[in-house]
> 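Structure below; questions to follow.
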Amino acid sequence: MSNEKGQLIVISAPSGAGKTSIIKNVIRKLNDENKKSTFSISHTTRLPRDGDIDGSDYFFVSNEIFDELYEAGNFIETAEVHDYKYGTSKDFIDKNINQGINVFLEIDVQGFQKLRSKNVEFRSMFILPPSINELRERIQKRGLDSEGVIEKRMKNALKELGEAEEYDYLVINDVFEHAIQELLEMVINNDYKDHSRDKKLKILQDLLS
Ligand code: 5GP
């Protein structure tokens, strides 16, 4: 086995920007090329949605268990999103990275800010929706949330977009396959320079205006 460590890759996007399916595809393609990669599986106090699998999508835990793990120093970062707690397991990340496995950490902007304030090495990517209308449509189409929750997610999405500029790389999820390809290149090439960053920042400004 090679001694090369895996990378920690932090990815944020407002819910509805399509991040989970993009990351799943990127991880599959990397594994196909024998570049071992995995999702970081967070702990959360939110209830499983239809199709969610415990131990695969999240470790679904009670408030009490979450607090115990927190007190025991098990999380490198935690956040409250939509009134539920989420935490990233330090052991899970260390174990994989030390085995040369890339770990994709899908966290919100609060988590990203917390990691930045710690002594953790990572590369960061933010996935942007192509437009605000598209974002709203995607959130509505998922049909998982009530109208009130949709509004809350939209408000949160705008707040998160305001921080996107802080990330190493921006990816626009306009054409799904392009977004996957771009992310793959960013992960594989450590010195990746994004020559279209200025153009993306302009799109970001438009999204926020
Ligand atoms: P959902 O409940 O829709 O799966 O996730 C809600 C939000 O929580 C998403 O923005 C997701 O990125 C974020 N999230 C999931 N796990 C973690 C975590 O371990 N830490 C942080 N900071 N955010 C997380």
Side-chain angles (χ1 to χ4, degrees), residues 8-24 26-27 38-63 65-70 72-97 103-118 120 122-129 135-136 138-164 166-167 169-171 173 179 183 207:
L8 178 59
I9 294 156
V10 170
I11 303 195
S12 302
S15 42
K19 90 193 130 193
T20 307
S21 33
I22 291 179
I23 304 171
K24 275 190 182 150
V26 168
I27 291 178
T38 183
F39 253 116
S40 165
I41 304 170
S42 297
H43 288 67
T44 182
T45 60
R46 89 152 158 77
L47 295 175
R49 298 193 191 110
D50 265 0
D52 275 340
I53 299 172
D54 188 29
S56 173
D57 296 294
Y58 285 104
F59 295 107
F60 293 98
V61 293
S62 63
N63 251 306
I65 299 279
F66 191 98
D67 291 346
E68 275 175 28
L69 289 168
Y70 179 83
N74 262 287
F75 298 128
I76 54 167
E77 65 83 38
T78 58
E80 277 201 45
V81 185
H82 314 131
D83 304 329
Y84 295 108
K85 294 176 190 168
Y86 294 83
T88 303
S89 157
K90 186 174 179 330
D91 279 358
F92 182 92
I93 290 178
D94 288 349
K95 212 171 81 199
N96 281 286
I97 286 188
V103 179
F104 284 75
L105 184 51
E106 185 191 330
I107 51 175
D108 74 322
V109 171
Q110 300 170 65
F112 163 73
Q113 302 286 15
K114 280 185 198 157
L115 277 190
R116 280 217 302 188
S117 67
K118 292 191 175 168
V120 181
F122 65 89
R123 294 168 80 209
S124 61
M125 297 162 198
F126 195 102
I127 302 175
L128 297 168
L135 178 69
R136 179 181 285 278
R138 286 185 196 173
I139 290 179
Q140 282 169 341
K141 255 194 224 147
R142 292 205 313 186
L144 301 169
D145 301 312
S146 67
E147 204 44 51
V149 174
I150 289 171
E151 280 319 309
K152 212 165 167 183
R153 282 179 185 268
M154 279 302 290
K155 225 172 117 197
N156 201 39
L158 283 171
K159 211 168 94 197
E160 297 216 318
L161 285 172
E163 310 284 325
E166 309 276 325
Y167 286 65
Y169 300 107
L170 302 176
V171 177
N173 184 16
L183 249 161
L207 282 169

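Because the structure is a prediction, the values reported are computed rather than measured. One-based numbering, in listed order, for ligands and for the atoms of each.
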> Side chain, backbone, both or neither: which applies to Y84 and ligand 1 if a contact is any heavy-atom pair less than 4.0 Å apart?
neither

> Nearest 0.5 Å, what's the CG-NZ distance between L183 and K19?
12.5 Å

> Please give me the minimum heavy-atom distance between L161 and P129, naming the atom from each residue.
CD2-CD, 3.9 Å

> Taking ring pair (Phe, Tyr, Trp, His ring centres under 6.0 Å) as the criterion, tell me which of F75, Y58, Y86 meets it with H43.
F75

> Ignoring hydrogens and angles, tell me if any N or O in the side chain of D57 forms a donor-acceptor pair with the backbone of I53 under 3.5 Å.
yes

> Hey, what do you get for OG1 (T44) to OH (Y84), rounding to the nearest 0.5 Å?
8.5 Å

> Between E80 and R46, is there a side-chain N and carboxylate O pair less than 4.0 Å apart?
no

> So which of R49, Q113, E106 gets nearest to atom 3 (O) of ligand 1, if we judge by its closest heavy atom?
R49

> At under 4.0 Å between heavy atoms, is it the side chain or the backbone of E160 that contacts ligand 1, or both, or neither?
neither

> Out of all atoms in ligand 1, which are within 4.0 Å of some heavy atom of K19? Include the element for each.
9 (C), 10 (O), 12 (O)

> Would you check whether Y58 reaches within less than 4.0 Å of ligand 1, judged by its heavy atoms?
yes

> Closer than 4.0 angstrom, basic N to acidic O: yes or no for K118 and E77?
no

> Is T78 in polar range of ligand 1, meaning some N or O pair under 3.5 Å apart?
no

> Using a 4.0 Å cutoff against the non-hydrogen atoms of G87, which atoms of ligand 1 qualify?
19 (O)

> Would you give the length of the straight line joining atom CG of N96 to atom CG of D91, rounded to the nearest 0.5 angstrom?
10.5 Å

> Looking only at distance, does E77 have an N or O less than 3.5 Å from an N or O of ligand 1?
yes

> Who gets closest to atom 19 (O) of ligand 1 by heavy atom: S40, S42, A79, P14?
S42

> Shortest non-hydrogen contact from P14 to I127?
CD-O, 3.7 Å

> Give the atoms of ligand 1, by number and element, whose distance to some non-hydrogen atom of R46 is under 4.0 Å.
1 (P), 2 (O), 4 (O)

> Are any of the heavy atoms in R153 under 4.0 Å away from ligand 1?
yes

> Please could you name the atoms of ligand 1 that G111 approaches to less than 4.0 Å, counting only its heavy atoms?
22 (N)

> Would H82 count as a polar contact of ligand 1, with the cut-off being nitrogen or oxygen pairs under 3.5 Å?
no

> Measure H43 to ligand 1 on non-hydrogen atoms and call it side chain, backbone, both or neither using the 4.0 Å cut-off.
neither

> Please check if any side-chain donor atom of Y70 sits under 3.5 Å from a side-chain acceptor atom of T78, or the reverse.
no

> For atom 7 (C) of ligand 1, which candidate among V10, V81, L47 holds the nearest heavy atom?
V81

